[in-house]
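See below for the structure under consideration.
As the structure is a prediction and not an experimental result, all values here were calculated from the model. Just the heavy atoms: all of them, side chains too, but no hydrogens, waters or symmetry mates, feed the values below. All ligand and atom numbering here is 1-based and tracks the order in the structure.
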Amino acid sequence: MCGIVGVTCLQGKLSSPAKIIRKCLEKLEYRGYDSVGLASIFKGMIVVRKGKGKIEEVHRRMNFDGVPGNTVIGHTRWATHGAPSDNNAHPHIDCGRIVAIVHNGIIKNYMELKKKLIAKGHIFRSETDTEVVAHLIEEYLNKGFKPYEAFKKAISHVKGSYAIAAIIISEPNTIFFAKKDSPLIIGIGDGFNFIASDIPAFLEHTRRIVVVKDFEVGYITPTNVFIENLHTGKIVDLSKRLRFISWTAEMAAKAGYPHYMLKEIHEQPRALRETINGLGEEIEQAANMIINARRVFITAAGTSFHAGLVLDYYLNSIAGIATIPLIASEYSKYVRSVKHGDLLIAISQSGETIDTLMAVREFKKRGAKILAISNVIDSAIPRESDLTVYTRAGPEIGVAATKTFTTQVLVELATVLKAAELNNSLDVSEIADLRKQLEKTPKIVEKTIMKHEAFVNSIAEIVHRKNSMYYLGRGLGVPIAMEGALKLKEIAYIHAEAYPAGESKHGPIALVEKDFPVLFIVLDDENSENILGNVTEMKARNALTIGLIPEHFEEFKEVLDHSIKIPLHDHLISPMTYTPILQLLAYYSAVKRGYDPDKPRNLAKTVTVE
Ligand code: F6R
């Protein structure tokens with residue numbers, strides 16, 4: 001939930017390492033922005049500057065760039081233990097100020113460790129779980145252990161999830177690290193090395209990376225990287241782990257857009273094209289896993305769950321395969337029924353969402369096979385899955401998922417078409433037609449965004465003044481409506497609910513009065529007549545009706561107050577063509593209400609806490 005970063009360099013190799021770390025933290029701020037801090041080693045002392053607030057605000061107060069030293073660690077926090085405050089901001093130090101530490105994750109046994117340390121005379125300054133590690137390291141240093149041994153000893157006591165970076169004054173050119181369940185990447189430079197929660201943090205400085213795996217510990221110096229398994233002591237052969245990142249730092253920056261979210265909405269045609277280009281033989285392997293499964297479960301959280309509902313629709317309606325979709329945090333209800341032969345499809349853009357990861361682990365333990373759909377190579381969920389199909393959306397910095405949703409849908413449709421081909425559930429010519437449509441999808445999305453952005457902005461002028469809104473659809477329109485409502489809720493802070501349109505008459509319609517906004521997702525499918533009836537019902541209650549409709553649906557234009565006409569295509573690709581319009585509506589509504597859509601309150605990009 002937090003972002004950590006560290007750099008250590010030879011004297012003069014990088015000008016102002018602290019400034020570099022501040023900039024790295026800006027790229028990690030999407031992981032949390034409750035507080036921020038830096039620590040370095042300088043002239044045999046630990047220097048710490050930290051405080052509550054976003055990086056820019058705290059930097060203005062503290063001048064991070066002025067932190068001296070060639071070995072610097074930094075942290076941006078999303079609070080879990082202890083409220084956002086100056087004291088709870090990382091880095092945390094021990095009693096003797098000989099250790100500083102940054103951490104992403106949750107130390108489950110911290111209370112027990114803290115009590116023991118307090119009994120030994122340690123004094124704690126924060127309410128965080130993290131601080132125990134600094135004191136534990138100090139404890140072992142005081143017992144005479146060498147710094148790296150003391151670090152390892154301390155880590156061996158920790159239960160829970162962690163990506164940790166620590167500096168110790170007696171080793172001024174070294175950053176120690178350890179990882180379990182939270183991401184940690186090393187960036188390898190010439191005369192300097194980085195460590196961070198995510199690649200974009202240091203991409204401006206190096207593209208050579210090594211992904212640290214669970215239960216690995218080690219250290220970086222300006223010229224050396226050492227990694228070993230905490231339990232077995234097996235040393236990692238770096239030449240086998242080294243990877244080269246082809247995407248650039250610019251790709252991760254805003255590229256002229258006012259917000260990452262808008263940039264990422266506009267990136268969708270490219271992300272979809274790259275995802276199509278990246279489809280390989282794993283599609284057939286995935287399709288085989290699906291058609292051979294005893295039962296197919298689908299799990300995910302948030303937007304990825306909506307992609308899961310799209311997959312549920314595809315598998316049922318195209319390949320004739322019944323599925324059980326479940327929200328990841330609710331997995332426990334199903335656990336006892338899971339058996340060998342079952343398949344769990346886990347969808348997670350980050351590959352690190354703890355709820356989804358826990359569902360994967362429990363299902364796996366009970367003999368289910370795991371198929372992952374993810375955007376982040378080597379992240380936790382892909383690593384623990386039998387097979388992963390990757391989306392190629394590139395880094396998504398805006399907290400709200402946009403391009404990662406549409407690319408998830410794309411790989412789902414490609415996989416289901418393959419499954420339908422293998423189990424002969426759909427006509428060969430229909431499959432070929434749909435594949436052609438899939439090929440054209442990036443172009444249709446591009447055209448739709450270009451054609452409607454200004455109009456959607458004008459609708460946002462109305463929507464942003466409302467307190468509540470309904471999104472209604474039928475069939476495949478339901479998950480699209482759910483995704484639209486989630487976007488409006490999470491970034492514009494407008495209450496929004498999605499319903500199957502038929503269900504609206506069984507309760508929700510009671511709230512509808514004059515000018516209550518109701519947005520309809522109208523697809524070119526067998527539901528159009530019924531949904532026209534639903535629009536008319538809402539109109540009769542004087543609702544303000546907005547519709548995303550196929551461009552040739554004249555009869556809808558006459559009833560709707562506002563129609564957004566989507567170019568003609570098969571309704572099965574609608575989650576990719578309609579959703580960008582809903583993303584834009586939420587984006588412009590948020591901006592008009594004065595909110596920062598990239599950093600919605602109370603939310604973090606990757607939720608690594610259950
Ligand atoms: C909403 C959003 C979240 C994520 C959810 C799952 O815009 O971004 O609802 O979709 O936290 O995240 P991943 O896909 O990384 O597992």
| query | Between N457 and K592, is any side-chain donor less than 3.5 angstrom from a side-chain acceptor? | reply | yes
Any protein N or O within less than 3.5 Å of an N or O in ligand 1? List each pair with its distance, or say none.
unit_1, atom_1, unit_2, atom_2, d
ligand 1, 7 (O), T303, OG1, 3.3
ligand 1, 7 (O), A401, N, 2.9
ligand 1, 7 (O), K487, NZ, 3.0
ligand 1, 7 (O), E490, OE1, 3.2
ligand 1, 7 (O), E490, OE2, 2.5
ligand 1, 8 (O), V399, O, 3.3
ligand 1, 8 (O), A401, N, 3.3
ligand 1, 9 (O), T303, N, 3.2
ligand 1, 10 (O), T303, N, 3.1
ligand 1, 12 (O), T353, OG1, 3.3
ligand 1, 14 (O), S304, OG, 2.5
ligand 1, 14 (O), Q349, N, 2.8
ligand 1, 15 (O), S350, N, 2.9
ligand 1, 15 (O), S350, OG, 2.6
ligand 1, 15 (O), T353, OG1, 3.4
ligand 1, 16 (O), S348, OG, 2.6
ligand 1, 16 (O), T353, OG1, 2.5

Sorted by chain and residue number, the side chain to side chain contact (heavy atoms under 4.5 Å, CB included) partners of E26 (sequence neighbours excluded) come out as R22, I55
Before we go on, tell me: are the rings of F516 and Y470 under 6.0 Å apart, centre to centre? yes
- Message: Looking only at the side chains, is there a donor atom on one of N375 and T391 sitting less than 3.5 Å from an acceptor on the other?
- Response: yes
So the salt bridge (Lys or Arg N to Asp or Glu O under 4.0 Å) pairs with at least one residue in residues 342-362 (sequence neighbours excluded) are D181-R361, R294-D342, R295-D342, R361-E384, E362-K365, E362-R366
Those residues at least two apart in sequence (or on a different chain) that pass ring pair (Phe, Tyr, Trp, His ring centres under 6.0 Å) with H90 are H75, H92
